There are 2 protein chains.
Amino acid sequence: MQHLQSYYNSEAKMIRGGFPRPFISRTYQTSFLKQRSKTEIKVVAAKKHSEAEKRRRMRINGQYETLRTILPNLIKHGEIDFVMNHQKDKASVLAETIKQVKELKKKVSEVEQDRCGSSSKDVVKFPSGADRLRLEKCNNEEDLVKATLSCEDSLGLMSAISRAMGSVKTKVVKAEIVSVGGRNRSVFWVQGLGNDRMGMLKSSLKIAMHKPAFKMRRSTH
Amino acid sequence: MQHLQSYYNSEAKMIRGGFPRPFISRTYQTSFLKQRSKTEIKVVAAKKHSEAEKRRRMRINGQYETLRTILPNLIKHGEIDFVMNHQKDKASVLAETIKQVKELKKKVSEVEQDRCGSSSKDVVKFPSGADRLRLEKCNNEEDLVKATLSCEDSLGLMSAISRAMGSVKTKVVKAEIVSVGGRNRSVFWVQGLGNDRMGMLKSSLKIAMHKPAFKMRRSTH
DNA sequence: CGGGACACGTGAGCC
DNA sequence: TGGCTCACGTGTCCC
């Protein structure tokens with residue numbers, strides 16, 4: 001490329017400026033220039049081409065670079081910049097990326113299925129102002145029902161809910177309880193509940209939410 | 001490359017087999033062969049080189065391919081394979097990859113900080129057989145303490161814990177309770193607790209865990 | 001030296 | 001037609 005470019009520059013200059021223009025016939029000049037123009041065009045096209053290609057390469061390599069920075073696997077710059085960065089080759093970077101993406105995806109899906117299908121958007125959910133009750137089957141876990149409820153918080157609430165759970169002979173394997181501002185939002189993961197008893201549990205919970213069936217009385221032990 | 005290879009094959013054959021060997025002087029033959037060997041070596045080296053380079057390219061492009069498959073952003077193969085796959089160019093694939101990786105990382109860290117630093121390995125933790133109590137500050141959230149306890153499950157346990165929480169004028173913003181096999185593991189995220197009162201809460205909880213300060217008595221309302 | 005990794009310029013194909 | 005991408009073979013540098 002070097003020689004082409006210099007060739008292009010020097011030769012073109014000589015032709016354009018070096019010849020005594022008045023002594024060249026018009027037709028000869030034009031044909032000559034046309035001749036030159038053709039190769040000039042070719043050369044300049046090649047130059048453009050190679051430059052565009054260089055830009056493309058730089059774009060891609062820039063992406064590799066940022067990829068290297070966000071992946072926790074390569075040797076970073078030392079404190080001293082004299083020490084050359086011993087970085088992994090492109091194929092390895094891509095391989096590592098693939099690995100990481102797969103791992104991250106697995107992680108995310110694990111957590112999401114752990115939350116029984118809730119998206120990561122509503123990870124932290126505060127009690128709703130309105131009373132709510134929802135039962136849903138967990139699609140990725142057999143025989144697991146997620147009961148979500150929002151209601152007024154009260155002293156006997158948990159006991160009432162526990163009683164409601166017990167009334168349908170079910171087992172709460174996990175609970176998530178948020179109480180804030182006098183409101184309560186609870187999520188219960190329930191096992192051992194057939195399709196038929198989902199309605200029963202729902203009505204029991206509805207009752208428990210609104211008028212706890214019993215009150216607690218404290219007595220010093 | 002094609003012409004180089006055929007050149008190498010045919011010429012070599014002609015030289016080796018085509019000449020009437022007995023009539024060539026030994027020195028001439030060897031020097032001639034040597035001469036040939038040099039270009040031969042060069043040619044075969046070039047071939048090896050280009051082949052290695054091809055292998056390298058294929059390795060990299062293979063990675064691009066798998067990257068394309070695991071990223072949910074590109075037009076996939078249609079049912080009909082005649083329709084050519086209109087796929088994004090390399091730079092875009094890398095850019096999309098970077099975007100995805102960043103998003104996934106954010107998602108994961110969000111969830112993990114929501115769980116207050118617990119790794120995704122111990123997302124579902126069952127109660128420990130031994131009694132345990134641990135208080136730790138959440139590093140990514142100011143004024144948030146995570147209290148984790150494992151102990152014998154009992155009817156008054158939650159009330160006792162609630163009392164312990166109230167005794168240090170703190171607020172539980174979130175709770176995670178797992179009760180299984182007569183054992184209980186609870187995690188409480190607590191706000192409004194100074195450094196000085198962490199010890200107080202710890203001892204209060206310790207007491208609540210082992211001998212609840214009061215018992216519940218049920219009475220029909 | 002040989003093998004690996006990269007950048008380069010160029011030919012080819014595709015809108 | 002030109003602008004873009006890709007594959008290719010090669011030059012070069014580094015173990």
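Here the structure is a predicted model, which is why all the values come from computation and not from measurement. Chain letters run A, B, ... following the sequence lines, proteins first, then strands; residues in each count from 1.
For the OP1/OP2 pair of C:dA7 and a distance below 4.0 Å, the side-chain nitrogens and oxygens of A:Asn61 include at least one atom meeting the criterion. Phosphate contact (OP1/OP2 of D:dC4, side-chain N/O of A:Arg56, threshold under 4.0 Å): absent.
Looking at the side chain of B:Glu53, the nearest of the listed nucleotides D:dG9, C:dG9, C:dG3 is D:dG9. Closest to the side chain of B:Lys90, from the set D:dT10, D:dA7, D:dT5, is D:dA7. Here D:dC6 is the nucleotide among C:dG9, D:dG9, D:dC6 with the atom lying nearest to any side-chain atom of A:Ile60. Here the nucleotide nearest the side chain of A:Lys48, chosen from C:dA5, D:dT10, D:dG3, is D:dG3. For B:Arg57, the side-chain atoms get nearest to D:dG9 when compared with the rest of D:dG9, C:dC6, D:dT5. Residue A:Lys54 has its side chain nearest to C:dC8 when only C:dG9, C:dC8, C:dA5 are considered.
With hydrogens and angles ignored, no donor-acceptor pair closer than 3.5 Å exists between the side chain of A:His49 and the base of C:dG9. One cannot find a donor-acceptor pair under 3.5 Å joining the base of D:dC8 and the side-chain atoms of B:Glu51.
Going from atom NZ of B:Lys99 over to atom OG1 of B:Thr97 covers 10.5 Å, rounded to the nearest 0.5 Å. Distance check, rounded to the nearest 0.5 Å: NZ of A:Lys146 to CD of A:Glu136 gives 5.0 Å. To the nearest 0.5 Å, the span separating CZ on A:Arg197 from CG on A:Leu135 amounts to 12.5 Å. A distance of 11.0 Å separates CD of A:Gln63 from CD of B:Glu96, quoted to the nearest 0.5 Å. With values rounded to the nearest 0.5 angstrom, B:Tyr64 atom OH is found 5.5 Å from A:Leu94 atom CG.
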Would you sort out whether B:Glu53 and B:Arg56 count as a salt bridge (Lys or Arg N to Asp or Glu O under 4.0 Å), showing the intermediate values? CA-CA 5 Å; B:Glu53 186 63 13; B:Arg56 177 176 163 269; 2.9 Å; yes
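Within 4.0 Å of A:Arg55, counting heavy atoms only, lies no atom of the nucleic acid at all.
Taking atom NZ on B:Lys47 and atom P on D:dC8, their separation rounds to 15 Å, with Å as the unit. If you measure from atom CZ of A:Arg59 to atom C1' of C:dA7, you get 16 Å, rounded to the nearest angstrom. Nucleotide D:dC6 holds its P atom 16 Å from the CD atom of B:Gln63, rounded to whole Å. Across the protein-nucleic acid pair, A:Met58 atom CE and C:dG9 atom C1' stand 16 Å apart, rounded to whole Å.
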The dot-bracket string of DNA chain D, counting Watson-Crick and G-U wobble pairs with both distances under 3.5 Å, using [ ] for crossing pairs and | for pairs to another strand, is .||||||||||||||
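Contact of the B:Arg59 side chain with the A:Asp89 side chain is registered, since non-hydrogen atoms from C-beta on lie closer than 4.5 Å.
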